[in-house]
*Asks:* 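For reference, the structure I am asking about is given below.
Model, not experiment: these values are computed from the prediction. Both counts, for ligands and for their atoms, begin at 1 and track the order of listing.
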Amino acid sequence: MTELTDQKQSALAAIKASPTLDALEEQRVAALGKKGWVSLALKTLGQMGPDERKEAAPAIQAVRGEVAEAIEAKKAKLEASALEAQLAAETIDLTLPAPEQPKGSIHPVSQVMDELAEIFADLGFSVATGPEIEDDWHNFTALNMDESHPARAMHDTFYFPDKASDGASMLLRTHTSPVQIRSMKEQGAPIRLIAPGRVYRSDSDATHTPMFHQVEGLVVDEDIHLGHLKWTLETFFKAFFEREDIVLRLRPSYFPFTEPSVEVDVGYSNEGDRRVVGGHGDDDGHDWMELGGSGMVNRRVLEFAGIDADKYQGFAFGLGIDRIAMLKYGMNDLRAFFDGDPRWLAHYGFSPFDQPTLSAGVGVRP
Ligand code: PHE
């Protein structure tokens, strides 16, 4: 019995001193496990006489109870402090600098293209595309500029040195108008589309770069007239600039592929070094900015594209995307658009989360 008491005392001390749950488990096995000293003590009961057993059994059971209780208590303590330690280890120090933000932004040209698609989709236009490496026929001939047409010279075209296998001269498209031809040939009439994209001309100064962006618009249907063109452009510009006081000026002009042809100017005022659209041009601090060309599709073009020009009429326009982006977002040098300077992009770029929508406003300022 005194041996049992000694064993109990040292077990209780060891349990109390167990630093970890694993150490405690070792103590449990040593005492209460199959071959533990308590279990062995219980086994001795079998060899005892009835009187001795009567005395010993409750004593051993009491020791067992005490040891088991001590283990449970220590276990609860160790688990509580393990949780404490875990919580302490997982705290966040809010005074530390934030993790590095992902860099990168949406270029204003991409943003404006998304705005265009959003606004014109609402007017029932789909978005069409065509190749930037174009053949002579789609870029010029089918647009009523045959080989001797003087307008060809105005396009400062980049030609490729080699001809295509079918003998066609290949070039970088000088405007998005060839997409008119490709789309009409593919889809026929009626048709209602915009075609945004890159175009190329050998030209460079503060407002011209050898590569720039245009958006073509084309509507072909029965009974289309100049009024539809004017309404469409006005409605678009009001939505795009998000103001009602947009004043457009349509100036008689000439393009081989439209007849009549009009150039589209928008009134703006100089406010400090910023140009702000709105109001009439040609008075105090006001002026007109040319945004593009337009007109009624020349019936020769409809014929080239295989459309019955007696049944269908259409209007078309071509706007400079970079120009309308500059006007809306206040940049004054076009060349900076294509420098790829991360500081310019950080300033003028848009968050990928700023998706232009008509309900939220098409132009979310950076
Ligand atoms: N393609 C013409 C240009 O680049 C613009 C335009 C398009 C004019 C459609 C009229 C109709 O200058």
Side-chain angles (χ1 to χ4, degrees), residues 109 116 120 125 127-132 134-146 149-158 171-184 191-203 207-221 224-234 236-237 248-266 289-305 307 309 312-324 334:
V109 169
L116 288 166
F120 277 107
F125 286 64
V127 175
T129 54
E132 290 171 30
E134 191 49 283
D135 58 60
D136 194 85
W137 190 82
H138 287 94
N139 195 81
F140 290 125
T141 308
L143 288 161
N144 199 26
M145 283 181 271
D146 66 27
H149 202 288
R152 282 193 178 208
M154 288 163 56
H155 277 230
D156 302 308
T157 311
F158 289 111
L171 46 85
L172 290 172
R173 68 177 180 192
T174 58
H175 51 180
T176 43
S177 300
V179 186
Q180 286 188 34
I181 305 296
R182 289 182 176 277
S183 303
M184 283 191 282
I191 200 167
R192 204 187 297 184
L193 60 83
I194 59 167
R198 295 189 186 101
V199 300
Y200 303 83
R201 291 183 202 178
S202 177
D203 203 354
T207 52
H208 297 90
T209 46
M211 184 282 296
F212 58 105
H213 298 85
Q214 284 188 336
V215 59
E216 195 79 7
L218 175 68
V219 171
V220 177
D221 207 331
I224 295 292
H225 54 73
L226 212 53
H228 294 119
L229 168 62
K230 183 167 185 274
W231 181 89
T232 303
L233 289 172
E234 269 171 11
F236 162 66
F237 281 119
L248 291 186
R249 183 175 72 175
L250 301 184
R251 248 178 323 116
S253 185
Y254 173 77
F255 298 100
F257 34 93
T258 47
E259 180 59 38
S261 301
V262 284
E263 251 158 298
V264 185
D265 302 336
V266 66
M289 160 102 73
E290 187 190 321
L291 295 182
S294 66
M296 298 304 294
V297 180
N298 190 311
R299 61 177 294 131
R300 300 251 303 147
V301 173
L302 295 175
E303 284 160 7
F304 271 119
I307 284 179
Y312 290 104
Q313 305 78 45
F315 69 77
F317 57 83
L319 303 172
I321 293 182
D322 317 286
R323 288 215 173 168
I324 62 175
L334 180 61

*Asks:* What class does the angle between the rings of Y254 and H149 fall in, given that below 30° is parallel, 30 to 60° is tilted and above 60° is perpendicular?
*Replies:* parallel

*Asks:* Within the side chain of N139, is there an N or O that forms a donor-acceptor pair under 3.5 Å with the backbone of R173?
*Replies:* no

*Asks:* Record the part of S294 in heavy-atom contact with ligand 1 below 4.0 Å; permitted values are side chain, backbone, both and neither.
*Replies:*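 The answer is the backbone.
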
*Asks:* Should R251 and D265 count as an ion pair when the cut-off is N to O under 4.0 Å?
*Replies:* yes

*Asks:* CG/L171 to NE2/H138 distance, rounded to the nearest 0.5 angstrom?
*Replies:* 11.5 Å

*Asks:* How does R201 reach ligand 1, if at all, at less than 4.0 Å between non-hydrogen atoms: by side chain, backbone, both, or neither?
*Replies:*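 For R201, only side-chain atoms sit under 4.0 Å from ligand 1.
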
*Asks:* Is there a heavy atom in S177 that sits closer than 4.0 Å to ligand 1?
*Replies:*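 Per 4.0 Å heavy-atom rule, S177 contacts ligand 1.
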
*Asks:* What atoms in ligand 1 come closer than 4.0 Å to a heavy atom of F255?
*Replies:* 8 (C), 10 (C), 12 (O)

*Asks:* Give the contacting part of F317 toward ligand 1: side chain, backbone, both or neither, where contact means a heavy-atom distance below 4.0 Å.
*Replies:*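 For F317, the contact with ligand 1 is made by the backbone alone.
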
*Asks:* Out of G217, G320, G293, who is nearest to atom 6 (C) of ligand 1 when you count heavy atoms only?
*Replies:* G293

*Asks:* Roughly how far, to the nearest 0.5 Å, is the CG atom of L226 from the CD atom of Q313?
*Replies:* 12.5 Å

*Asks:* Using a strict 4.0 Å cut-off to heavy atoms of G318, name the atoms of ligand 1 that fall inside it.
*Replies:*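 That gives atoms 6 (C), 7 (C), 9 (C) of ligand 1.
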
*Asks:* How far apart are the C-alpha atoms of F317 and F120, what are their side-chain angles, what is the distance that settles it, and do they pass the ring-ring contact (aromatic ring centres under 6.0 Å, His included) test?
*Replies:* CA-CA 13 Å; F317 57 83; F120 277 107; 5.8 Å; yes

*Asks:* Any nitrogen or oxygen of T258, main chain or side chain, under 3.5 Å from a nitrogen or oxygen of ligand 1?
*Replies:* no

*Asks:* As a quick check of understanding, evaluate ring-ring contact (aromatic ring centres under 6.0 Å, His included) for H175 and F255, giving each step before the final call.
*Replies:* CA-CA 12 Å; H175 51 180; F255 298 100; 9.1 Å; no

*Asks:* Can you find an N or O of H175 that's nearer than 3.5 Å to an N or O of ligand 1?
*Replies:* yes

*Asks:* With heavy atoms of Q214 as the reference, note each atom of ligand 1 found under 4.0 Å away.
*Replies:*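 What qualifies from ligand 1 is 3 (C), 4 (O).
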
*Asks:* To the nearest 0.1 Å, how far is atom 2 (C) of ligand 1 from its closest protein heavy atom, and which atom is that?
*Replies:* F257 CZ, 3.7 Å

*Asks:* Check this for me: does any side-chain nitrogen of one of R300 and D146 sit under 4.0 Å from a carboxylate oxygen of the other?
*Replies:* no

